[in-house]
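Any value given below was found using the heavy atoms of this structure, including those in side chains, with hydrogens, waters and symmetry copies removed. Just so you know, these numbers come straight off a predicted model, no measurement behind them.
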Amino acid sequence: MKLLSVCIALMLLVGCDQSITPPVPDNLGQFEGEVVAQWGTDGREMTLIQPISFIDSTSKRWDAPAGSVINGASIPSAFWSLIGGPFEGKYRNASVVHDVYCEEMTETWEDVHEMFYQACRSGGVEPAQAKMMYYAVYHFGPRWQMVSEEEAPAVASLDGVTVKQNRKGRAMARYRPAPPTAEEIEQVMDFVADENPTLGEMRQ
């Protein structure tokens, strides 16, 4: 019942008519290319057949090259029933680019998650929903940091932490916070609806 009430509240928050695309400010960047991918045999992963890029508000390019393997795992699954699956609707392109950078870990996790917010808005996601999605990835999505080779064995022994080499050959410790409760989600929804917070306030 609690989850149902959260879902209904989110529908009221973001609007019922999903066919209406709200205006998108020019300073939120733009996409180049489109998602063309092939499903893997496991039915979960997809491989990009064509590249797609997002150019953010500072003109920084975020490239998802052909051959990248994506699975939507960078979006916390606890939010899928509320905001849709990672390959659905207006935030599909943002989800794909976000997936690639969460896997490659060549940028800071904070910058990657903020790029995701801009990419969502650029794709036509309504502001309140985009802020909810930013909250989801910032507080409950993957995080990472560079560690030394000496630190890597100790870090790898911690629960929920993995260490891998990214494409630049650095040792990166990767972890994901515990998922939110229904009460936490409902509190944030109320906060977004009542206060229209900035991204900085969402991070807090």
Using a strict cut-off of less than 4.0 Å between a Lys/Arg side-chain nitrogen and an Asp/Glu carboxylate oxygen, indicate whether Glu126 and Lys90 qualify as a salt bridge. no
Any donor-acceptor pair under 3.5 Å linking the side chain of Ser53 with the backbone of Arg61? no
Are Met146 and Val112 in one and the same hydrophobic cluster, where Ile, Leu, Val, Met, Phe, Trp and Tyr link if side-chain heavy atoms are under 4.5 Å apart? yes
Can you tell if the side chain of Pro76 reaches within under 4.5 Å of the side chain of Val137, non-hydrogen atoms only? yes
Counterpart residues, salt bridge (Lys or Arg N to Asp or Glu O under 4.0 Å), relative to Glu110 (two or more places apart): none
In this structure, is the centre-to-centre distance between the rings of Trp109 and Tyr138 below 6.0 Å? yes
Under 6.0 Å from the CD atom of Gln50, do we count more than 12 heavy atoms belonging to anything else shown? yes
Closest non-hydrogen atom pair between Pro179 and Glu184, with its separation: O-OE1, 4.4 Å
Identify whether Val97 and Ile55 are in the same connected component of the hydrophobic contact network (ILVMFWY, side-chain heavy atoms under 4.5 Å). no
Rounding to 0.5 Å, atoms CD (Gln30) and OG (Ser59) come to a distance of 9.0 Å
Smallest separation among heavy atoms of Cys102 and Pro142, with atom names: SG-CG, 3.7 Å
If you measure from CE on Met132 to SG on Cys120, what distance do you get to the nearest 0.5 Å? 12.5 Å
Is it true that a side-chain atom of Gln118 and a backbone atom of Gly29 form a donor plus acceptor pair closer than 3.5 Å? no
Between OG1 on residue Thr106 and CE on residue Met172, distance to nearest 0.5 Å: 8.5 Å
Reported CD1-to-CD distance for the pair Ile52 and Glu34, which is rounded to 0.5 angstrom: 7.5 Å
Side-chain heavy atoms of Tyr91 within contact of Ile75, under 4.5 Å: yes
Hey, what do you get for CD1 (Ile70) to CZ (Arg44), rounding to the nearest 0.5 Å? 11.0 Å
Residues which pass salt bridge (Lys or Arg N to Asp or Glu O under 4.0 Å) with Glu107, listed by chain and number, not counting sequence neighbours: Lys60
Taking the side chain from Asp63 and the backbone from Pro65, do they hold a donor-acceptor pair closer than 3.5 Å? no
Quick one: CG on Leu199 to NE2 on His113, what's the gap to the nearest 0.5 Å? 13.0 Å
Heavy-atom closest pair, residues Gly72 and Asp99: N-OD2, 2.5 Å
Side chains of Glu186 and Asp190: does their closest heavy-atom pair fall under 4.5 Å? yes
Residue that, paired with Tyr134, satisfies side chain to side chain donor-acceptor pair (under 3.5 Å) out of Gln129, Glu114, Arg203: Arg203
Among Phe54, Phe31, Tyr101, the one residue meeting ring pair (Phe, Tyr, Trp, His ring centres under 6.0 Å) with Trp62: Tyr101
Apart from Ile49 itself, residues in the same hydrophobic cluster as defined by side-chain heavy atoms under 4.5 Å: Val36
Minimum heavy-atom distance between His139 and Met202, given as atom pair plus value: NE2-O, 2.8 Å
With a 4.5 Å limit on heavy-atom distance, are the side chains of Glu201 and Glu195 in contact? no
Which heavy atom of Phe140 sits nearest to which heavy atom of Pro180, and what is that distance? CZ-CB, 3.3 Å
Can Trp39 be reached from Leu48 by stepping across I, L, V, M, F, W or Y side chains whose heavy atoms are under 4.5 Å apart? yes
Taking it one step at a time, do Lys131 and Val188 satisfy side chain to side chain contact (heavy atoms under 4.5 Å, CB included)? CA-CA 10 Å; Lys131 287 181 179 180; Val188 174; over 6 Å; no
Closer than 3.5 angstrom, by distance alone: can the side chain of Asn93 be matched with the main-chain N or O of Ala119 as a donor-acceptor pair? no
